[in-house]
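Right, one structure below, let's go through it.
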Amino acid sequence: MTDEKRFDPVAVRDAFSLLSDETRVQILLCLFDRDDPCTFSELRAHAGIEDSGRFNYHLGQLVGTFVRKQSGQGTTGYTLTYAGNRIVGSIASGSFTREVSIESQRLAASCVRCDTRLKLQYESEQLSVACCSCEYSLISAGVPPALIERTGHDDLPTTFERWARSSHGHVTNGFCWRCDGPVSTTLVDLDAIPDAFADLLPVELTCEWCGATYSSVVGGLVLGASPVIVFHYEHGIDIATTPLWELSWPFEPHAAIRSTDPLSIDVWIELDGDRLELVLDETFAIIESEPHL
Ligand SMILES: [Zn+2]
Ligand SMILES: [Zn+2]
């Protein structure tokens, strides 16, 4: 982030300094547990804080930034603001306070490049699916510690797949995973990457607000498109529930540039000898779709 107008460091410091007190954190956690607005006395009892004056002071400090005070029908209630929900959500996810480590585990699927079994591994808060032999990394995503902790060993591949798909979808739908800012998509400069990856037509998704970048491939942009879903369904594959690493085509050559000005891209998907051909325009929208059965 380079434009300093996007945040005021003093205002950020003041907001986070509100959290430097256990009572306030306790109040936020209590509100997080409640769906409905909480009255003062309910909240104090729930938080287990007997000193009314002390409780009132700390609650007042949070109102406006992390807590919303709302009145109506003769009562006053307290709820979390959007910022309050986001910050307590991060606390609950263990991102600030927990560390976990797990053994890597082998998956049933094999690498599209060398046919060796794939493995699921967790390092530096990143879960990834990669080849045990050639180290080709198919999918990688930041995962909060609590998600790892509450998921059993056997369920972790499925849970991670849903998490990765959800994170990827958030970005490809145009929202930054980090700050929810608008995301633009561009083709990666094919001259700047190894041929093996150029064959996949990698794309870079860039947040126009915070500058974060994300990587995918052209095939990843069409995973949720109706022609792609239907083509898989007609071949007995439910694309919504099949692990991405079992769909080999997104990790093999599946796209080529048809023209550069304006940009036009051919995408092909082959299943059981049948072929779905798509044409994408410069916005990566599908403008032609033709199955060859
Ligand atoms: Zn491999
Ligand atoms: Zn962003």
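Throughout, residue positions are numbered sequentially from 1 according to the sequence presented. Values below: all heavy atoms of this structure, side chains included; hydrogens, waters and symmetry mates excluded. Atoms within each ligand, like the ligands themselves, are counted from 1 in listed order.
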Below 30° counts as parallel, above 60° as perpendicular, anything between as tilted: where do the rings of W249 and H254 land? perpendicular
Which label fits Y136 and F251: parallel for a plane angle under 30°, tilted from 30 to 60°, or perpendicular past 60°? perpendicular
Apex the Zn ion (ligand 2); atoms C176 SG and C179 SG; angle rounded to 10 degrees: 120°
Can the ring centroids of F160 and Y122 be said to lie less than 6.0 angstrom from one another? no
Quick one: the SG of C111, the Zn ion (ligand 1), SG of C134 angle, rounded to 10°, please. 110°
Angle at the Zn ion (ligand 1), SG of C114 to SG of C131, rounded to 10 degrees, please. 90°
R113 and E252 ion-paired at < 4.0 Å: no
